[in-house]
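Quick caveat, the model's predicted, so the values are computed rather than measured.
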Amino acid sequence: QDIIEGVLEADNRAAVLTHLTDLGYIPVRVAEETGGSALPARHVRQGAVRPTRVSTAHLTVLIRQFASLTRSYVPLLRALAILEEQARHPYLRQVLRQVGEDVRQGSTLSDALAKHPLVFSPLGATLGHSGEVSGAMDAVLDRLAQQAEQEESRQDPDVDPDAGGR
């Protein structure tokens, strides 16, 4: 659990608390500062978010969106940036940012995903590698999403896996 310090410019203390909570932070202390220069909010966003489990539902949505972007020939780094922007889960957003940075620095997607076992299973990273090698990333992502949906239905006894609904 890292403690992150920073300065945000806002209309009032309540706006800062709301913003930090929306980003997934748990504010410990927020104090008003008079005068001086404030750092833009993006400096606070770059701080580490406590690693947490990402739900199967969040992952399924992410994988489906990724497959759709891939099918639409969106370049990988742009797709990762779009997914990061759209991710609602703070830790998932942070992981996507790190994956994008690793890929930008020359890592393969599968290697970048494998660095985050709390989010991406070893099987997911391995399937990602097969998608890279075969050139069929969208098909592999669709299959991965199907597996995630099946896993989610096994965890939720109220969902009928034979109903075929999504």
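- The distance from the CZ atom of Arg93 to the CZ atom of Arg88 is 10.0 Å, given to the nearest 0.5 Å.
- Atom CZ of Arg64 is separated from atom CD of Glu149 by 4.5 Å, given to the nearest 0.5 angstrom.
- Shortest non-hydrogen contact noted between Leu80 and Gly100 is CD1-CA, 3.8 Å.
- Distance check: His58 NE2 to Ile63 CD1 gives 13.0 Å after rounding to the nearest 0.5 Å.
- Contact between Val140 and Gly128 at its shortest, heavy atoms only, is CG1-N, 4.3 Å.
- The minimum heavy-atom distance linking Val103 with Ala112 is given by the pair CG2-CB, 4.1 Å.
- Of the possible donor and acceptor atoms, one in the side chain of Thr70 sits under 3.5 Å from a partner among the backbone N and O of Phe66.
- Leu118 and Val61 are not part of a single hydrophobic cluster, where members link through side-chain heavy atoms under 4.5 Å apart.
- Of all the heavy atoms in Ala114 and Pro117, the pair that sits closest is O-CD, 3.8 Å.
- Counting heavy atoms from C-beta outward, Asp142 and Arg71 have side chains that approach closer than 4.5 Å.
- For the atom pair CE of Met137 and CG of Leu109, the computed distance is 5.0 Å after rounding to the nearest 0.5 Å.
- Taking CG from Leu96 and NE2 from His116, the interatomic distance works out to 8.5 Å, rounded to the nearest 0.5 Å.
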Inset, instruction - Apply side chain to side chain donor-acceptor pair (under 3.5 Å) to the pair Gln150 and Gln146, showing each step before the final yes or no. - result: CA-CA 6 Å; Gln150 290 170 354; Gln146 287 173 349; 5.8 Å; no

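- Contact check for Leu83 versus Leu62: side-chain heavy atoms found under the 4.5 Å cut-off.
- By the criterion of side-chain heavy atoms lying less than 4.5 angstrom apart, applied directly or through intervening Ile, Leu, Val, Met, Phe, Trp or Tyr residues, Leu77 is grouped together with Val95 in one hydrophobic cluster.
- You'll find the side chain of Gln86 reaches within 4.5 Å of the side chain of Gln65, heavy atoms only.
- Scanning for salt bridge (Lys or Arg N to Asp or Glu O under 4.0 Å) contacts around Arg143 gives an empty result, with sequence neighbours left out.
- The two residues Ala79 and Val74 have their closest heavy-atom pair at N-CG1, 3.7 Å.
- One distance of note links CG of Leu144 with OG1 of Thr60; it measures 8.5 Å at 0.5 Å rounding.
- The side chain to side chain donor-acceptor pair (under 3.5 Å) pairs that include a residue from residues 121-140 are Ser110-Glu132, where partners are two or more places apart or lie in different chains.
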